[in-house]
**Student:** 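This structure is in C-alpha cells; I'll ask about it shortly.
Model, not experiment: these values are computed from the prediction. Heavy-atom basis, side chains included; hydrogens, waters and symmetry copies ignored.
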Amino acid sequence: MAMYVLVPGADGRAWYWHLVVPELRGRGHRLVSVDLPQDDSAGLVEYTEAVVRAIGDPSDTSHEIVLVAQSPAGFIAPLVCDRIPVDQLILVNAMVPVPGETAGEWWADTGQADARAAFATQRGRDPGADFDLLTDFFHDVPRELTEEAPAQGEAGPSEALFTQPWPLRAWPDVPTRFLQGRDDRFFPLDFQRRNAEERLGITVEEMPGGRLLALSHPAELADLICR
C-alpha cells in the first residue's frame, strides 16, 4: 500500500481533497492532505516546506510515497521530490514548469488563453468571455459542494508563487503520471496533451470531468490514482 500526499491547487486548502481521502483510505492506503500557506509573501520555498512538514520523516513509513499535485502544485511537487524520496508523482490538471520559468510566465509561454478560447468556441460558448469561477471551474461540481466551498473561508495562491523562477535544472527523476479531465474548460485536454508531451515526454491519462476532479468525480479520480 502507498501513502498518498494530496497537494491542492490554487485554493490551497486540504478541503479540496476531502471526498478523495475516504475513497483512497477505503482502498487501504495512508493519506496526508496538505494545507498550503495562506500568506501573500509565501513563495516556492515556503510552499515546498509546508508539504515536506506535512509528510514528516519519510523514514518513519514503510509505505511508498506518492505525491498527487493539482494545478499550480505542479510547480511545487517536483521541489518536494528534490527534498525527500518520492516513489511516484501524479499531476492532476496541472501546470508543468520548465527551468527558470515563473508561474506567471507559464500562461503566455504555453498559450493557455488561446487554448481556452478555442475550446470555448468548439463547445459553443463565448470565447471572449471573462473568467468566471462558476462557469470555468464549478460547472460540473454538485450544487451542495459549490455552495460549501466559499464557506471554507477566503483562500488562494500568493503573489510570490507566481513571480519566482522555477529553480530546478530538470524535472526530477521520479516516475510521473499526468491525469487530466476531458471537460476542463480552463486547461483543455488537447492543450494539456501538448504540454505533457513537450515538457515531460509523457502521455496524458484522461478521465471524465472538468477542472475540479476531486469534487466532481472523486471516486473515478481515486480509481485512476491507484491504477
**Student:** Write out all pairs satisfying ring pair (Phe, Tyr, Trp, His ring centres under 6.0 Å) with one or both partners inside residues 20-43, taking only residues at least two apart or from two chains.
**Tutor:** Tyr4-His29

**Student:** Do Trp106 and Gln112 have a side chain donor and acceptor closer than 3.5 Å?
**Tutor:** no

**Student:** Where is the tightest heavy-atom contact between Ala115 and Pro188, given as atom of each residue plus distance?
**Tutor:** O-CG, 3.5 Å

**Student:** With side chains defined as the heavy atoms from C-beta onward, is the minimum distance between Leu161 and Leu44 less than 4.5 Å?
**Tutor:**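 Yes, close enough: below the 4.5 Å cut-off.
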
**Student:** Looking at side-chain heavy atoms only, is the closest gap between Arg177 and Ile202 below 4.5 Å?
**Tutor:** no

**Student:** Identify, with sequence neighbours excluded, every residue that meets side chain to side chain donor-acceptor pair (under 3.5 Å) alongside Gln192.
**Tutor:** Gln180, Asn195

**Student:** State, with a plain yes or no, whether a side-chain heavy atom of Arg83 is found less than 4.5 Å away from one of Glu49.
**Tutor:** yes

**Student:** When you look at CD of Glu159, are more than 12 heavy atoms from neighbouring residues, nucleotides or ligands closer to it than 6.0 Å?
**Tutor:** no

**Student:** Residues two or more places apart in sequence or in another chain: which of them pass salt bridge (Lys or Arg N to Asp or Glu O under 4.0 Å) with Arg116?
**Tutor:**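 Salt bridge (Lys or Arg N to Asp or Glu O under 4.0 Å) check on Arg116 returns Asp136.
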
**Student:** To check you understand the geometry: which heavy-atom pair defines the closest contact between Pro78 and Ala73, and what is its length?
**Tutor:** CD-O, 4.4 Å

**Student:** Main chain of Ala14, side chain of Asp35: is a donor-acceptor contact present, judged purely on distance under 3.5 Å?
**Tutor:**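 Checked: pair present.
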
**Student:** Testing the basics here: between Tyr16 and Leu213, what is the closest heavy-atom pair and its distance to 0.1 Å?
**Tutor:**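 Result for this residue pair: OH-N, 3.3 Å.
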
**Student:** How many angstroms lie between atom CD of Gln70 and atom CG of Asp11, to the nearest 0.5 angstrom?
**Tutor:**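 Here the interatomic distance stands at 10.0 Å.
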
**Student:** Which heavy atom in Asp40 sits nearest to a heavy atom in Pro157, and how many Å separate them?
**Tutor:**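 So the minimum-distance heavy-atom pair works out to OD1-O, 4.2 Å.
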
**Student:** Given 3.5 Å as the limit, does a donor-acceptor pair link the side chain of Thr121 with the main chain of Pro127, or not?
**Tutor:**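 Side chain of Thr121 to backbone of Pro127, a donor-acceptor pair under 3.5 Å: no, none is there.
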
**Student:** Side chains of Glu101 and Met95: closer than 4.5 Å at any heavy-atom pair?
**Tutor:** no

**Student:** Please answer whether the main-chain N or O of Glu64 pairs with a side-chain N or O of Asp87 as donor and acceptor at a distance below 3.5 Å.
**Tutor:**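 Judged by distance alone, no pair lies under 3.5 Å.
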
**Student:** For the residue pair Leu224 and His217, establish whether any side-chain heavy-atom pair is separated by less than 4.5 Å.
**Tutor:** no

**Student:** Looking at every heavy atom in both Thr135 and Arg185, which two are closest together, and how far apart are they?
**Tutor:** O-NH1, 2.9 Å

**Student:** When Ser216 is tested against each of Leu145, Val141, Asp183 for side-chain contact (heavy atoms from CB on, under 4.5 Å), which residue passes?
**Tutor:**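 Going through Leu145, Val141, Asp183 one by one, the side-chain contact (heavy atoms from CB on, under 4.5 Å) with Ser216 is satisfied by Val141 alone.
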
**Student:** Within the 4.5 Å heavy-atom criterion, are Val51 and Leu36 side-chain neighbours or not?
**Tutor:**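 Side chain of Val51 against side chain of Leu36, heavy atoms only: contact under 4.5 Å found.
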
**Student:** Around Asp126, counting heavy atoms of other residues, nucleotides and ligands shown, do more than 12 lie under 6.0 Å from its CG?
**Tutor:**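 Yes.
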
**Student:** For Phe191 versus Gly111, what's the shortest heavy-atom pair and its separation?
**Tutor:**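 Reported closest heavy-atom pair: CE1-C, 4.0 Å.
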
